[in-house]
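A note on names: the letters A, B, ... follow the listed sequences, proteins ahead of strands, and every chain is numbered from 1.
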Amino acid sequence: MPDFSARLIAWQRRHGRHDLPWQNTRDPYRIWLSEIMLQQTQVSTVIPYYAKFLARFPDVAALAAAPADDVMALWAGLGYYTRARNLHRCAQVVVGQHGGAFPASVEQLAELPGIGRSTAAAIASFAFGARATILDGNVKRVLARVFGVEGFQGEKKVENAMWTLAESLLPSNASDDDVSSYTQGLMDFGATLCVRGKPDCLRCPFAADCVANVTGRQRELPAARPKKTVPTRRTWMLVLRDGNAVMLEKRPPSGIWGGLWSLPEAADEAALAERARTFGSHGAVSPLAPLTHVFTHFKLDIEPRLAELDRGVGALAALGDADTAWVALGDLDSFGVPAPVRKLLDGLQGSLI
DNA sequence: TAACCGTGGCC
DNA sequence: TGGCCAAGGTT
């Protein structure tokens with residue numbers, strides 16, 4: 001299909017999105033920030049976070065100079081927290097090694113933390129007019145349908161074929177505006193017309209040539225991910241309360257919820273009671289309503305337990321421990337707290353007298 | 001190469 | 001209700 005890019009650009013200019021908060025700018029900082037937040041995350045989820053970040057960190061220098069904990073607190077609830085750490089590191093590299101200006105080439109961008117091949121192409125095309133293709137979930141779905149690419153896109157062989165195909169479709173002799181419209185068109189077309197459930201083939205500019213449409217295989221393309229049963233883990237969380245404050249522990253930088261502040265955990269009931277005593281609570285440990293949190297690759301059953309701190313021990317319990325903090329329930333916004341833990345504590349606050 | 005890494009919306 | 005997955009990158 002020699003005119004794929006021309007048709008897509010025309011579609012984008014008439015039917016695509018043109019007023020998202022990170023559009024209508026060529027500021028690499030704003031574009032980069034949006035692209036990192038949008039990794040595996042839907043537009044509607046990102047919008048409020050994007051506004052918060054821009055208000056607090058108006059440029060890359062402000063972000064680079066911020067404490068890591070502040071960045072994590074602002075990111076809390078958005079998920080995939082490695083993105084937040086890499087965002088912070090990337091800002092510091094841009095300031096420290098690039099004089100505060102993002103590099104303009106795909107290759108240099110892709111060397112920065114948190115920026116892979118697709119994100120580098122998005123930034124380079126939007127900010128610098130580079131002729132480089134993205135390959136995200138939208139593009140993979142569109143290519144699989146229009147060109148009849150078989151096989152699960154998680155397989156290396158299939159993904160390599162997709163990259164090659166995507167490269168071959170780039171517009172030649174394109175202006176900066178064309179490049180920008182093309183990249184945005186790939187995203188918008190997949191996100192709004194060639195959607196997973198019910199693609200709007202009647203309004204599709206590729207309908208007559210689309211393999212999936214012509215053969216009626218919209219539901220078979222792209223190939224579904226092989227099913228896997230997700231394991232269930234179980235953990236006990238300690239809500240150690242002192243008046244209106246609870247104790248939080250900073251989690252290790254890697255692993256689930258890396259770098260966030262969460263409740264102290266234990267592997268069983270007895271171990272949790274022991275931890276409560278260690279922290280200075282010798283009274284009853286009472287159960288709170290259990291909750292289940294579903295991650296991408298496992299399910300987590302949480303057994304929360306409430307304990308009261310012995311009178312006057314609060315200041316001692318956290319002394320000299322930088323990974324422990326007492327936080328008022330009304331001050332959780334200034335700490336990066338995992339979403340289900342935040343939900344649990346918000347419910348607790350409402351129930352306290 | 002494949003597993004790991006969050007959360008919320010949709011049907 | 002539960003399966004599926006979204007503007008992917010890192011290890």
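Between the P atom of B:dG6 and the CG atom of A:L291 lies a distance of 17 Å, rounded to the nearest Å. Atom CH2 of A:W75 and atom P of B:dC5 are 17 Å apart (whole Å). The interatomic distance linking A:F152 (CZ) with B:dT1 (C1') rounds to 13 Å, in whole Å. Distance A:H297 NE2 to B:dA2 C1': 12 Å, rounded to the nearest Å. Computed from coordinates, the A:F298 CZ to C:dG2 C1' distance equals 18 Å when rounded to whole Å. With rounding to whole Å, A:E159 atom CD is found 15 Å from B:dA3 atom C1'. One atom, CH2 of A:W257, and another, P of B:dT7, lie 6 Å apart when rounded to the nearest Å. Rounded to an integer number of Å, the gap from A:E155 CD to B:dA3 P is 12 Å.
Counting non-hydrogen atoms under 4.0 angstrom, A:K299 reaches nothing in the nucleic acid. A:G154 comes within contact range of no nucleotide atom at all, as no heavy-atom separation falls under 4.0 Å. The residue A:V46 sits apart from the nucleic acid: no heavy atom pair falls under 4.0 Å. Counting non-hydrogen atoms under 4.0 angstrom, A:A122 reaches nothing in the nucleic acid.
With sequence neighbours left out, the side-chain contact (heavy atoms from CB on, under 4.5 Å) criterion links A:D333 to A:R342. Take A:S118 and apply the side chain to side chain donor-acceptor pair (under 3.5 Å) test, not counting sequence neighbours, and it matches no residue.
Remark: the separation of the C1' atoms in B:dA3 and C:dA7 is 22 Å, to the nearest Å. Separation of the C1' atoms belonging to B:dC5 and C:dC5 is 14 Å when rounded to the nearest angstrom. Here the separation of B:dG6 from C:dT11, taken at their P atoms, is 13 Å to the nearest Å.
Regarding contacts with the backbone of B:dG6, every side-chain N or O of A:H293 stays at 4.0 angstrom or more from both OP1 and OP2. The phosphate of C:dC4 has OP1 or OP2 within less than 4.0 Å of a side-chain N or O from A:K227. Under 4.0 angstrom from either OP1 or OP2 of B:dT1 there lies no side-chain N or O belonging to A:K157.
Applying side chain to side chain contact (heavy atoms under 4.5 Å, CB included) to A:L54 and the options A:D59, A:L63, A:L33 leaves one that passes, A:L33. Shown are A:E159, A:E107, A:E167; of these, the salt bridge (Lys or Arg N to Asp or Glu O under 4.0 Å) with A:R117 is made only by A:E167. None of A:R17, A:R30, A:H18, A:Q184 except one satisfies the side chain to side chain donor-acceptor pair (under 3.5 Å) rule with A:Q23; the exception is A:Q184.
Closest-nucleotide positions on DNA chain B for A:K156 and A:L78 were compared, and the one nearer the 5' end corresponds to A:K156.
For the residue pair A:R141/A:N138, the side-chain donor-acceptor check at 3.5 Å is satisfied. A side-chain donor-acceptor contact under 3.5 Å links A:R85 and A:T82.
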Per-nucleotide protein contact string for nucleotides 5-11 of chain C (B base, S sugar-phosphate only, - none; heavy atom under 4.0 Å): SBBBSS-
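Among all heavy-atom pairs drawn from A:G116 and A:A110, the shortest one is O-CB, 4.2 Å.
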